[in-house]
Each structure stands twice: as structure tokens, then as C-alpha cells.
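The first residue in the sequence is number 1, and the count goes up from there. Computed from a predicted model, the values in this text were never measured in an experiment.
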Amino acid sequence: MHSNGLFRWSFLGFAVLVLLALSGCSSNENVNEKVATSPTPNPTISNTSNASENPTNVGAAKGTVHIENIGERRIFVYLPAGYEADSERYPVVYMHDGQNIFNTNTSSLGKEWRVEEIIDQLVADGTMEKVIVIGVASSDGSERGMEYVPFPDESIPSDGASAAEFTQYFINTVIPYVDGAYRTIPDRDHRMIMGSSFGAIQALWMGYQHPETFSAIGALSPATWVSNGRLLDELAKESGKPALKIWLDMGVTEGMPIDPLVTVLKSKGFVLGKDLFFQMDPLGTHEEKSWNRRVHSPLIMFAGKEAGQTIKHEVSDYLTLIGPEAIDIRLNLLVTMDNGMDFTILDGVEYQVLNPEVGQVDKAGKVSFLKPESLKVNVSFQGVTEEHLVNYEHYVKVFKVYVKSLDVDEHGDEFSINLKLSARKLNSTPEYISALVSAAEKIGIYTIKEIQEDSISIIFNTK
């Protein structure tokens with residue numbers, strides 16, 4: 001981690017809170033759509049139930065869910081429809097935070113993914129093959145971070161203290177138990193590991209370090225800020241490319257950096273759309289409802305058909321704010337494939353600005369404004385073109401919320417930012433705040449009027 005790493009991730013924590021507060025500012029006007037040593041196995045399968053409330057898969061054959069214990073830890077077991085009547089063997093999806101994936105009554109926050117309903121429907125539609133799902137419950141409170149954050153740090157007592165032990169427990173106890181208790185296909189080609197938030201960090205690192213055990217990883221809303229962003233640094237140090245398929249996603253309002261993670265994995269040889277899939281969800285928040293809406297894609301990646309052609313295009317835009325080295329407004333082309341997956345396209349997209357006097361879009365989809373007006377852009381991929389409007393006023397509101405969260409004197413559209421007090425507020429340095437404000441000027445939302453030793457004055461660009 002570079003010398004400013006701690007400041008970068010301290011600011012990121014603040015930025016996440018601001019973006020969550022801004023979730024009410026997002027507008028559907030920014031989204032355009034076009035269709036084109038384990039215990040003796042002795043599970044009690046007879047004590048089963050359909051765990052979710054308000055089922056959405058009416059007409060689909062339903063699998064069953066039950067709970068059992070491996071020692072003191074609960075596991076939540078989904079068996080596909082017909083399991084008790086047939087003799088087939090099945091692939092297995094292992095999921096962290098297992099108490100949250102099937103039933104609101106067992107969920108930590110009273111919310112669930114409804115994974116069993118989604119799988120039942122995908123199987124009924126012929127979109128994916130039948131699988132077994134094993135949800136492994138997390139420990140409570142700070143113990144969860146100790147197990148799920150894989151990088152011990154003495155300065156952060158809640159991170160990583162028992163992560164290595166948990167990984168070994170998972171591989172050497174949970175998996176052998178499941179393979180002995182159920183009719184699994186007991187090899188790495190038929191195992192996936194998945195999680196969200198801290199659980200996504202644990203799933204990504206466990207799967208990446210153990211490709212002999214897993215062939216696929218699903219990391220939904222990975223908490224990339226934990227351990228001061230050490231996951232990115234550790235992945236960058238890894239040599240070679242494990243034989244894995246990896247799913248990553250993030251919601252726009254979550255504000256956590258996902259683009260750098262995609263970049264690191266691409267540098268290791270992973271290819272977007274082949275063995276690396278990424279989605280920036282324009283409506284996504286950091287909770288089970290959003291993971292419910294996206295989980296079908298990593299499931300299909302693991303146990304569905306290969307993607308062929310796009311059948312639907314949706315264009316949105318979002319702000320990525322990591323630090324002075326990465327602060328941009330980006331266009332986001334989200335496609336639905338003929339196999340049912342939804343993911344963001346980063347490569348091979350063409351952008352044509354229809355009002356170039358107003359702004360520009362580079363090859364990576366990064367937007368800059370030359371005038372305080374909304375930017376019209378044609379976004380083209382595989383012969384389909386969608387016109388999209390980048391709402392200038394929306395980003396004025398976003399940046400004003402950020403600026404007002406610092407220590408400022410406000411006079412209409414002019415703000416004077418006190419660098420020392422702002423740095424103290426963010427546990428950062430005046431130099432870092434100055435660099436951040438200066439870097440963001442390139443987007444064209446505001447102009448720097450004056451830079452002094454202790455302050456920066458900016459004026460928002462208005463008509």
C-alpha cells in the first residue's frame with residue numbers, strides 16, 4: 001500500500017456514507033433500456049420446508065431447505081426438487097452468511113436472498129442445472145470479521161484473526177461432511193464459493209487461494225475497503241492465473257471501489273465475458289434485496305449455459321471516487337445475455353458524443369463536461385446503439401453534498417474548503433484533500449478559483 005493508502009481508505013469510508021445518503025438522489029432518468037474432521041453424516045432430510053415467504057416461482061418444482069449443525073456451527077441445506085426420489089449427484093454452491101440466504105426468520109437483519117426460489121425458477125426455465133446449496137452460518141458480531149477478512153492486522157483487531165483457521169475448517173471439515181452426507185459431485189469442477197460484503201472478500205480470497213477445491217467464485221458487493229484495501233495489493237502480488245471463473249458486482253450507491261479489482265484480475269489474464277464477469281448495478285444498494293436481484297447471474301455462470309448474444313442493453317452512469325488517482329464519472333453498459341446473465345461490458349464499446357461542445361467521453365467511458373449542460377451520447381455494442389443522457393445537474397447535486405460534508409464556507413455556488421479542518425474530519429492530511437479536490441476539477445463540474453496554503457476555493461459551473 002502506498003504511503004497515502006490509509007488516507008485513501010479513510011476517505012473511502014466517508015465516501016461510502018455520503019453515497020448511501022445520496023441514494024435518494026438517483027433517478028431513473030439516468031437508466032435507458034433497449035430490448036434486442038467432520039461429524040458423522042446424519043442429516044434429517046425429512047424435516048424440510050420451503051423456507052421463503054411470498055414465493056415468486058409459482059409453478060416451478062420446489063426444492064427443500066433444512067438446518068443442521070456441524071459441531072457448533074449451523075449449515076442451511078438446499079436440496080433440489082426431486083432429490084429424495086432420484087439417485088443423481090449434484091454440483092454444490094457454498095455460501096457464506098448462510099443464515100441470510102433462505103429465510104427471514106433466521107436472517108441477521110430480517111432480510112433474505114431467496115436463493116432457493118431463484119434456483120427453482122432457473123431450473124424450471126431450463127436456464128441452469130440442479131444444484132445443492134450449502135449456506136454456512138457466520139459467527140456473530142466481531143467474530144464475523146475475524147473469520148471473513150483474510151488479512152490479519154494488529155491495528156485493526158476485528159480483521160482476520162481467525163480467517164486462516166476458518167478457511168481450513170471450511171475446506172477440511174465442511175466440504176468433507178457435505179460430500180459424505182449428500183449426493184454431491186465431489187470435485188473442484190462442481191464446487192462454487194459465494195458471499196457478499198465481508199463474505200465476498202472471504203469467498204474471493206478462499207477461492208483464489210484454493211483452485212484445487214473450487215472452480216468458481218461469486219463475490220457480490222465485496223467490501224474492498226477492509227484492511228485498508230489490502231485485497232487489491234495482495235492480489236497484485238499473486239503470480240500465475242488460477243483456473244477459475246469469477247463473478248464480481250457492486251451497486252452504484254455502495255460507493256466501494258470495484259473497478260480497480262476488475263483491473264487487477266484482468267492483469268492476471270482473466271478475460272471479461274469469458275472467465276471474469278462484472279456488473280455495476282445502477283440501482284444496487286448494500287443489502288439482501290439487491291443481492292437477490294443479481295445472484296442469478298453468478299449461479300448461471302457456474303451451472304448454466306455459456307453466454308452467446310446480447311438480447312437487451314441498458315445504459316447508466318455513475319461516479320467512482322477512490323482518491324486523487326481515480327475519480328471519474330463513467331458510463332455503464334449493462335447487457336442481458338441469451339443465457340440469462342446480466343453483466344457490464346467494458347471492452348469493445350463505442351461512444352459517440354452528440355453534442356461535443358458540451359463534453360467528452362474517452363475510450364474507457366469516462367465523462368468530462370465542457371459546459372454546464374447534460375451530455376448526449378450514443379453507446380454502441382455488437383451493432384446495437386442506445387442514446388444516453390448524462391444528467392449534469394445530478395452530478396452538481398452529488399458533488400455539492402461531498403463538498404458540504406467537508407469544513408467549508410459557502411456563498412451561493414462558491415465554496416471555500418478549509419483543508420486542515422477537513423483533513424481532521426476525514427483522518428487524512430491537508431495535502432491529500434487538496435489533491436482530491438484538484439483531481440476532481442477535470443470532470444468539469446466546478447472550477448478552482450484559488451489555492452492557498454490552508455484552503456481551496458471552488459465555483460460550481462452553472463448556466
Restricting to side chain to side chain contact (heavy atoms under 4.5 Å, CB included), what partner residues turn up for I448, sequence neighbours left out? S438, E441, Y446, I451, I456, I458
Is it the case that more than 12 heavy atoms not belonging to K442 sit under 6.0 Å from its NZ atom? yes
Side chains of F415 and K404: does their closest heavy-atom pair fall under 4.5 Å? yes
Identify the residue among K241, K245, K266 that makes a salt bridge (charged side-chain N to carboxylate O under 4.0 Å, His left out) with D275. K241
Close aromatic pair by centroid cut-off 6.0 Å: W205 and F151: yes
Please determine, by modelled atom types, if S374 and E393 share a side-chain donor-acceptor pair under 3.5 angstrom. no
Identify the residue among H296, R294, R293 that makes a side chain to side chain donor-acceptor pair (under 3.5 Å) with D342. H296
Residue of the set L375, I329, D317, N378 for which side-chain contact (heavy atoms from CB on, under 4.5 Å) holds with V361: L375
With distance as the sole criterion, is a donor-acceptor pair present between the side chains of E350 and Q352 under 3.5 Å? no
Are side-chain N/O atoms of D189 and S215 paired as donor and acceptor at under 3.5 Å? no
Looking at K425 and D407, is there a salt bridge between them, counting it only when a charged N and a carboxylate O are closer than 4.0 Å? no
Please test F343 against F277 for ring-ring contact (aromatic ring centres under 6.0 Å, His included), starting from the C-alpha separation and ending with a verdict. CA-CA 6 Å; F343 53 84; F277 299 88; 5.2 Å; yes
Apply ring-ring contact (aromatic ring centres under 6.0 Å, His included) to F369 and Y395, showing your working. CA-CA 11 Å; F369 293 97; Y395 285 105; 7.1 Å; no
Between K449 and E414 (salt bridge meaning N to carboxylate O under 4.0 Å), is one present in this structure? yes
N332 versus T344, side-chain donor and acceptor atoms under 3.5 Å: yes
Test H96 against every option in F166, F198, W291 by the ring-ring contact (aromatic ring centres under 6.0 Å, His included) rule and name the one that passes. F166
Checking T285 against T253: is there a side-chain donor and acceptor pair closer than 3.5 Å? no
